[in-house]
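What follows is a set of notes on a single structure, which appears directly below.
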Amino acid sequence: MPMGERRIFWVIGGDRRQAALVRALQEDGHEVHACALEQGVEESLREESLRGIEKAHCVILPLPAGDGVFVNAPLSAQKPAFEEVLDAMSPGQVLCGGMVSCAWKQEAEQRGITLTDYFDREELAVSNAVPSSEGAIQIAMEELPITLHGARILILGYGRLGKVLARQLHGLGARVTVSARKYADLAWIRAMGWEAVSSHDLTGILEGRDLILNTVPALILDREALGKVDPGCMVIDLASKPGGVDFEAAEELGVKTVWALGLPGKAAPVTAGLAIRDAIYNILSELGESL
């Protein structure tokens with residue numbers, strides 16, 4: 001929900017998600033300043049320096065926040081260093097970012113700045129599952145020589161993304177099988193009408209598939225497992241780094257793979273930007289800002 005009082009936000013760096021975030025904050029009636037985002041926002045909102053950032057109620061870094069030194073800024077010729085951002089801010093200010101390193105968190109804390117990682121928010125993860133699922137389905141539709149209707153699809157993992165994938169693919173008429181480790185998850189998979197298999201042993205469940213979608217952020221499809229994949233089967237890895245597929249082995253074995261990182265920002269940047277906005281609002285509410 002939009003905040004009841006006008007706030008000052010600074011958005012530094014980022015991709016089309018942050019550009020959408022800037023517009024959403026402005027539409028909610030807030031004062032918004034955008035730095036290192038000139039290719040994504042209108043000129044009136046752009047800032048060439050960090051002067052005035054000490055007045056911000058909240059400073060927002062992108063997702064991912066940066067490389068350890070510089071803030072991630074693919075839509076800008078500027079490369080603001082994280083140190084520069086902290087130097088321009090004042091103790092007591094609120095700083096938010098996505099996938100923030102422990103070193104950056106410690107440095108902010110030492111300066112008396114509250115740094116919260118919005119990527120850790122459950123509501124953001126749930127919201128991102130939808131564009132991630134749609135993006136994966138788009139890749140499959142473009143790359144597979146068959147329709148998803150009637151396709152034999154295996155989803156590895158029944159977390160947030162696995163749940164959404166199974167529902168959407170089932171709606172397209174796919175023959176959905178889902179693997180999970182927990183007995184409760186296996187029971188829910190069956191209750192939804194899908195085939196459930198245990199992730200503890202992949203023997204016999206990789207064969208006979210047209211598409212395998214991995215959501216498990218651990219090496220689950222190693223060389224041995226990939227050797228059991230049928231010729232022509234496509235593997236899409238949706239897990240964050242380090243991923244769940246041995247891509248070198250897949251190439252050697254001739255298994256077609258796609259590592260689909262950052263799908264929310266690529267498939268639906270506006271939706272992803274709105275999800276970040278909502279997470280930011282929730283963070284501020286928990287810190288005592290009125291809604």
key: Pairs meeting criterion salt bridge (Lys or Arg N to Asp or Glu O under 4.0 Å) with involvement of residues 224-248, two or more places apart   = none
Nearest 0.5 Å please: distance from the [atom1] atom of [X] over to the [atom2] atom of [Y].
{"X": "Ile280", "Y": "Arg7", "atom1": "CD1", "atom2": "CZ", "result": "14.0 Å"}
{"X": "Ser179", "Y": "Leu186", "atom1": "OG", "atom2": "CG", "result": "8.5 Å"}
{"X": "Trp10", "Y": "Glu31", "atom1": "CH2", "atom2": "CD", "result": "9.5 Å"}
{"X": "Leu169", "Y": "Ile155", "atom1": "CG", "atom2": "CD1", "result": "5.0 Å"}
{"X": "Asp87", "Y": "Glu83", "atom1": "CG", "atom2": "CD", "result": "6.0 Å"}
{"X": "Ile189", "Y": "Asp185", "atom1": "CD1", "atom2": "CG", "result": "6.0 Å"}

Any salt bridge between [X] and [Y], counting N to O under 4.0 Å?
{"X": "Lys79", "Y": "Glu84", "value": "no"}
{"X": "Glu195", "Y": "Arg190", "value": "no"}
{"X": "Glu251", "Y": "Lys256", "value": "no"}
{"X": "Lys105", "Y": "Glu107", "value": "no"}
{"X": "Arg223", "Y": "Glu252", "value": "yes"}
{"X": "Asp28", "Y": "Arg277", "value": "yes"}

ask   = Taking everything shown except Gln39 itself, do over 12 heavy atoms lie less than 6.0 Å from its CD?
value = yes
Taking side chain as C-beta onward, heavy atoms only, is [X] less than 4.5 Å from [Y]?
{"X": "Ile113", "Y": "Pro91", "result": "no"}
{"X": "Ile139", "Y": "Met234", "result": "yes"}
{"X": "Leu148", "Y": "Ile153", "result": "yes"}

How far apart are the closest heavy atoms of [X] and [Y], and which atoms are they?
{"X": "Leu75", "Y": "Arg16", "answer": "CD1-N, 3.9 Å"}
{"X": "Val41", "Y": "Ala34", "answer": "CG2-CB, 3.8 Å"}
{"X": "Ser132", "Y": "Leu263", "answer": "O-CD1, 3.3 Å"}
{"X": "Pro80", "Y": "Ile12", "answer": "CG-CG2, 4.0 Å"}
{"X": "Cys58", "Y": "Cys96", "answer": "SG-SG, 3.9 Å"}

Under 3.5 Å, is there a donor on one side chain and an acceptor on the other for [X] and [Y]?
{"X": "His170", "Y": "Gln168", "answer": "no"}
{"X": "Arg209", "Y": "Thr177", "answer": "yes"}
{"X": "Glu142", "Y": "Gln138", "answer": "yes"}
{"X": "Ser76", "Y": "Glu38", "answer": "yes"}

ask   = Taking a hydrophobic cluster as the set of Ile, Leu, Val, Met, Phe, Trp and Tyr residues connected by side-chain heavy atoms closer than 4.5 Å, whether directly or through intermediates, do Val59 and Tyr118 fall within one such cluster?
value = no
query = Are Val216 and Val255 in one and the same hydrophobic cluster, where Ile, Leu, Val, Met, Phe, Trp and Tyr link if side-chain heavy atoms are under 4.5 Å apart?
reply = yes
request  = Before giving the answer on side-chain contact (heavy atoms from CB on, under 4.5 Å), spell out for Val130 and Asn128 the whole-Å C-alpha distance, their side-chain angles and the decisive distance to 0.1 Å.
outcome  = CA-CA 5 Å; Val130 174; Asn128 276 341; over 6 Å; no
request  = Take Leu213 and Leu156, measure what side-chain contact (heavy atoms from CB on, under 4.5 Å) needs, and give me the verdict at the end.
outcome  = CA-CA 6 Å; Leu213 295 152; Leu156 299 173; over 6 Å; no
message = Among residues at least two apart in sequence or on other chains, which ones pass ring-ring contact (aromatic ring centres under 6.0 Å, His included) with Phe82?
response = Trp104
Under 3.5 Å: donor-acceptor pair, side chain of Asp117, backbone of Met99 = yes
task = Please confirm whether the backbone N or O of Arg6 pairs with a side-chain atom of His30, one donor and one acceptor, at under 3.5 Å?
result = no
message = Run the side-chain contact (heavy atoms from CB on, under 4.5 Å) test on Ile212 and Val229 for me, step by step, so that the C-alpha distance in whole Å, both residues' side-chain angles and the decisive distance to 0.1 Å come before the verdict.
response = CA-CA 9 Å; Ile212 298 174; Val229 173; 4.0 Å; yes
ask   = For Thr147, what residues pass the side-chain contact (heavy atoms from CB on, under 4.5 Å) criterion, not counting sequence neighbours?
value = His149
task = For the pair Ser133 and Arg167, evaluate side-chain hydrogen bond (donor to acceptor under 3.5 Å, both in side chains) and give the outcome as yes or no after the intermediate values.
result = CA-CA 10 Å; Ser133 177; Arg167 177 174 56 83; over 6 Å; no
key: Within 45° cone and under 6.0 Å: Lys163 NZ/CZ vs Tyr158 ring   = yes
key: Parallel, tilted or perpendicular: ring planes of Phe247 versus Trp259, cut at 30 and 60 degrees   = parallel
request  = Before giving the answer on side-chain contact (heavy atoms from CB on, under 4.5 Å), spell out for Ile220 and Asn214 the whole-Å C-alpha distance, their side-chain angles and the decisive distance to 0.1 Å.
outcome  = CA-CA 8 Å; Ile220 189 169; Asn214 176 58; 3.2 Å; yes
